[in-house]
Structure formats: structure tokens, C-alpha cells
Amino acid sequence: AQKVTQAQTEISVVEKEDVTLDCVYETRDTTYYLFWYKQPPSGELVFLIRRNSFDEQNEISGRYSWNFQKSTSSFNFTITASQVVDSAVYFCALSEVGNAGNMLTFGGGTRLMVKP
Amino acid sequence: NAGVTQTPKFQVLKTGQSMTLQCAQDMNHEYMSWYRQDPGMGLRLIHYSVGAGITDQGEVPNGYNVSRSTTEDFPLRLLSAAPSQTSVYFCASSYLGTGKNTIYFGEGSWLTVV
């Protein structure tokens, strides 16, 4: 069975600091998808990224970047020059292609607090 | 463009009461699902459906029923609410098939059972 571990339950940084959120996963499938979602204080889930297991290229989107390393089963998320608006709970999730890639297994989430 | 719509957003129930959480999507997605979110545990899958007339259990199905009579709607029923069902519930939908499985979530329903 698949499992996602986000070992950091809470992180506190000062605005403009860089911060990395760790995600480690376990799966028996060779083909799978990894996701990151943001949950701001208002409670909704905001999709950030989907990455399939065949694509190990790192991705950058503005201040966000993702480092996928299949060798260590990790999919870490870095926010550069953090801002107060980045304060949220961030979830990493895994979906195996065997179930059409739709059933998500979530990590426990990392609460990020960015202080001004 | 409504996306995934959940109602109600907030609900307080007494132990033993029944209720239905509604979920509707307007994107013609085949796949719909319900998750519950509890502190420190992320989201866990309750039930899911891959199309009208087809439902199956997820990780934590006990105490919940679902049906899928149309592509658009996927209601979640609590037949006899228990305090352990106090949680935040999210409905999600997506297309089936690899390569296009971005999963869209509703805004959540906060349920308290007293």
C-alpha cells in the first residue's frame, strides 16, 4: 500500500526566508503521480502541481520550485523569498496509475507560518 | 464556471441524526470522491465513483453511504451520526485516465456531531 510522510508538522519562518517542505513517499507501483496542494486559512484546497513518475525534471513556477528524486522517493517543495500570504497548510499526495491516477493518498500536512 | 460545489458549508448534528452532504460538479468528470480531513492525518478517502451507477469504498467507509445516479452529483449520507464523524469533508472530481487527472476539490463542509 502507498504511504506519504511529511515529517515537518509545523514550520515557522520570517518573511523573505526560503523554506523547503519535505515529502517522502512509498509505493510499489513503478508509475504514479505526485501532487502538492495548498490549504490557506480559508480552508479550500488549492492545486499546485502534479508530477508523474517518469518526469524527474525539477520544476519552477515563480517563487515555487519542486525537487523530485526517485532514488530517495522524495518530492520536496521550496518557496523562495517567502511571503505572509504563503502561510497555509501544504499537503503532498500520491496516486498510483493502477487506479487511473485518481485516488489520492495524502501526507499529514505541513503547517507553514510566515511572520512579517 | 462553478467547478465542484458542496453544500452545506457548516452543519451541527446531534448524535444519531442523519444528513446528506451534497456534491455537484459541472465539468462532466467521470470520477468523484469524498475525503475527510482530520487534524494531523491529512485527507482520507471515504468513497469514490468512476461513473454513474458505480461506487466503491475507500480507506474509511464505515458510517457513510453514497450513490451516483447522475454524472454530476455524488451525495454522501451519514445514516446515524457519531461524534467520531466530526470532521471536514471534501468532495473531489476529475476525468478518468492518466495524463488528465488533475483533481478538483470543493470548498469543504465543516461537520460537528455533538
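For clarity, every value in this text was computed on a predicted model and none was experimentally measured. Protein chains get the first letters and strands the later ones, always in sequence-line order, with residue 1 at the start of each.
- Interface remark: Glu59(B) contributes no atoms to any contact with chain A (heavy atom separation under 4.5 Å).
- Side chains of Val13(A) and Lys115(A) form no contact here, defined as non-hydrogen atoms less than 4.5 Å apart.
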Test log, rule side-chain hydrogen bond (donor to acceptor under 3.5 Å, both in side chains), inputs Thr7(B) and Gln22(B): CA-CA 5 Å; Thr7(B) 56; Gln22(B) 301 290 345; 5.9 Å; no

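- The residue among Gly108(A), Gly107(A), Gly109(A), Cys92(A) with the most heavy atom pairs within less than 4.5 Å of chain B is Gly108(A).
- Proximity to chain A (any heavy atom under 4.5 Å) is shown, for Leu43(B), by both the backbone and the side chain.
- Ionic pairing of Asp73(B) and Arg68(B) is not present here: no N-O contact between side-chain nitrogen and carboxylate oxygen is shorter than 4.0 angstrom.
- Contact annotation for Thr105(A): neither backbone nor side-chain heavy atoms come within less than 4.5 Å of a heavy atom of chain B.
- Proximity to chain B (any heavy atom under 4.5 Å) is restricted, for Gln39(A), to the side chain, taken from C-beta onward.
- Using a 3.5 Å distance cut-off with no hydrogens or angles, the side chains of Tyr89(B) and Tyr64(B) do pair a donor with an acceptor.
- Among Thr78(A), Thr80(A), Asp86(A), the single residue meeting the side chain to side chain donor-acceptor pair (under 3.5 Å) criterion with Arg63(A) is Asp86(A).
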